[in-house]
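Treat the numbers as computed from the prediction; the structure is a model and nothing was measured. Hydrogens, waters and symmetry mates play no part in the numbers below; they use all other heavy atoms, side chains included.
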Amino acid sequence: MRAPLKSTVGRIIVALGGGVGASVCVALVEARSGAASVASRISTTTLLEDEIGLLAPLALFVALGVALFDVFLVPEAPRSLRQHIASLRAEPVLTRSRAAAILPLGVAVFAIWAVICAHLAETILANGGAAEAGIELALASLASFAALSVCALAVLPPLRRGLAAGADRVPRLLDPATTGACALIVAAAIFAYGIHAGDPSGQGGGVVGIFGVLKRHELDLRPVIDLVAIATGAYVAPIAFARPRAGVVEVAVAFIIALAPQLWTIRTAHAMN
């Protein structure tokens, strides 16, 4: 009989436990921050219970999405990032050259799309009502992403040939991990420059200066960080317990961790009427 963790259901349950467990840690941080900033007699314990109740169902959905996506990509067993890189490097030269070209192109597409969407949002939201602007922005974003994807597919063959031609002198050009990491570093540097050079109103710093709005003090990015933490917990948990002895106990504990915090959701719902 296969160990439960090696089955699809076992992996998903462990991922749910990891995501919900991460949400409890996030709730603890948020509760301590809230207790320090709220000018009232609300205790940290009360805030923690409320935070857990609010985050637990969200964590279930996020963790489920991460788990299903991971199972779709790697159905046989959970893999760490290092194992994914090793698997890419072990592929035949033809496959590696394709991946070495696709990864930086993918990073470029998403980076350019983010810049385009930011400028589209600035223009559209300033010139229309909320409902109309939202629909227009969504359609424009989809159209721009489709156009960028078509351009990337057109650039893929010559880029792949160029990498293959230069691989004689620089073998790393056919390493997907290297080309992907370089693209990520360049994209992160460009966004960092935009945040630094742009002002809080999004002016200055050229095309990427619009990201200067991220320096606004009233802009709270903690929800994004919280979601990333929950998704990371869901991704890491199946990898951490992918051991030969992992099995029924780990899956049972993960099941309890995933469901127990939902009790605070019921309590918080009744408390908030």
### Task
Identify whether F110 and V155 are in the same connected component of the hydrophobic contact network (ILVMFWY, side-chain heavy atoms under 4.5 Å).
no
### Query
Heavy atoms, side chains only, cut-off 4.5 Å: are R96 and V93 in contact?
yes
### Query
Rounded to the nearest 0.5 Å, how far apart are CG of L153 and CD1 of I102?
8.5 Å
### Task
Not counting sequence neighbours, which residues clear side chain to side chain contact (heavy atoms under 4.5 Å, CB included) with L68? List them please.
I12, L64
### Task
Answer yes if V150 and L148 sit in the same cluster of Ile, Leu, Val, Met, Phe, Trp and Tyr residues linked by side chain heavy atoms under 4.5 Å apart, and no otherwise.
no
### Query
Can you check whether Q262 reaches L60 side chain to side chain, under 4.5 Å on heavy atoms?
yes
#### Entry: Pairs flagged by ring-ring contact (aromatic ring centres under 6.0 Å, His included) wherever residues 153-212 is involved - sequence neighbours left out
F191-F211
### Query
Can you tell me how far CG of L58 sits from OG1 of T265, rounded to the nearest 0.5 angstrom?
10.0 Å
### Message
Suppose we screen for side chain to side chain contact (heavy atoms under 4.5 Å, CB included). Which residues come up paired with A183, at least two apart in sequence or across chains?
### Response
P104, V107
### Query
Does L48 have any side chain to side chain contact (heavy atoms under 4.5 Å, CB included) partners at least two apart in sequence or in another chain, and if so, which?
A27, L28, A31, I52
### Any donor-acceptor pair under 3.5 Å from H119 side chain to V207 backbone
yes
Give every donor-acceptor pair under 3.5 Å between a side-chain atom in residues 140-147 and any protein atom, sequence neighbours left out.
| residue | atom | partner | partner atom | Å |
| --- | --- | --- | --- | --- |
| S141 | OG | L137 | O | 2.8 |
| S144 | OG | W113 | NE1 | 3.2 |
| S144 | OG | A140 | O | 3.1 |
| S144 | OG | S141 | O | 2.8 |

### Task
Could you state whether V14 and L259 fall into the same hydrophobic cluster, counting links through intermediate Ile, Leu, Val, Met, Phe, Trp or Tyr residues with side-chain heavy atoms under 4.5 angstrom apart?
yes
Return a table of donor-acceptor pairs under 3.5 angstrom between the side chains of residues 224-235 and protein atoms on other chains or two or more places apart.
| residue | atom | partner | partner atom | Å |
| --- | --- | --- | --- | --- |
| T232 | OG1 | V228 | O | 2.7 |
| Y235 | OH | R79 | O | 3.0 |

### Message
Taking side chain to side chain contact (heavy atoms under 4.5 Å, CB included) as the definition, give me every residue that meets it alongside V213, ordered by chain and number, with sequence neighbours left out.
### Response
R216
### Message
Less than 4.5 Å apart, side chain to side chain, heavy atoms only: is that true for R160 and L94?
### Response
yes
### Query
Can you pull the salt bridge (Lys or Arg N to Asp or Glu O under 4.0 Å) pairs that have at least one residue in residues 254-264, sequence neighbours excluded?
none
### Query
Which atom pair, heavy atoms only, marks the closest approach of A59 to G19?
CB-O, 3.9 Å
### Task
Output every pair passing salt bridge (Lys or Arg N to Asp or Glu O under 4.0 Å) with a member in residues 172-197, not counting sequence neighbours, ordered by first then second residue.
R89-D175, R172-D175
### Message
Quick check on the hydrophobic clustering: are V186 and V115 connected, directly or via other members, by side-chain heavy-atom contacts under 4.5 Å?
### Response
yes
### Between SG on residue C117 and CD1 on residue I210, distance to nearest 0.5 Å
10.5 Å
## Note on the structure
Residue pairs passing the salt bridge (Lys or Arg N to Asp or Glu O under 4.0 Å) test with at least one member in residues 185-214, sequence neighbours excluded, are none
#### Entry: From CA spacing to verdict: side chain to side chain contact (heavy atoms under 4.5 Å, CB included), R11, D70
CA-CA 9 Å; R11 284 177 62 182; D70 188 44; 3.0 Å; yes
### Task
Would you give the length of the straight line joining atom CD of Q83 to atom CD1 of I239, rounded to the nearest 0.5 angstrom?
7.0 Å
## Note on the structure
What one should report as the nearest heavy-atom pair of A99 and P176 is CB-CG, 3.7 Å
## Note on the structure
Here the pair of heavy atoms bringing W264 nearest to A260 is CE3-O, 3.7 Å
## Note on the structure
Sorted by chain and number, sequence neighbours left out, ring pair (Phe, Tyr, Trp, His ring centres under 6.0 Å) with F69 holds for none
### Message
Check for me, please, whether L105 and I112 land in the same ILVMFWY cluster - side-chain distances under 4.5 Å, paths through other members count.
### Response
no
### Summary
On a heavy-atom basis, the closest approach of A63 and A15 is CB-O, 3.7 Å
### Query
Taking all atoms of both residues into account, what is the closest heavy-atom pair of T179 and A100, and its distance?
OG1-O, 3.0 Å
### Task
Drop me the distance from I85's CD1 to T178's OG1, to the nearest 0.5 angstrom.
9.0 Å
#### Entry: Residue pair A167 / L173: nearest heavy atoms and the distance that separates them
N-CD1, 4.1 Å
### Message
If I take atom OG from residue S97 and atom CZ from residue R161, how far apart are they, to the nearest 0.5 angstrom?
### Response
11.5 Å
### Query
What residue among I257, I256, V251 forms side chain to side chain contact (heavy atoms under 4.5 Å, CB included) with V253?
I257
### Message
Quick test of your reading: applying side chain to side chain donor-acceptor pair (under 3.5 Å), list the pairs with at least one residue in residues 60-69, sequence neighbours left out, ordered by first then second residue.
### Response
none
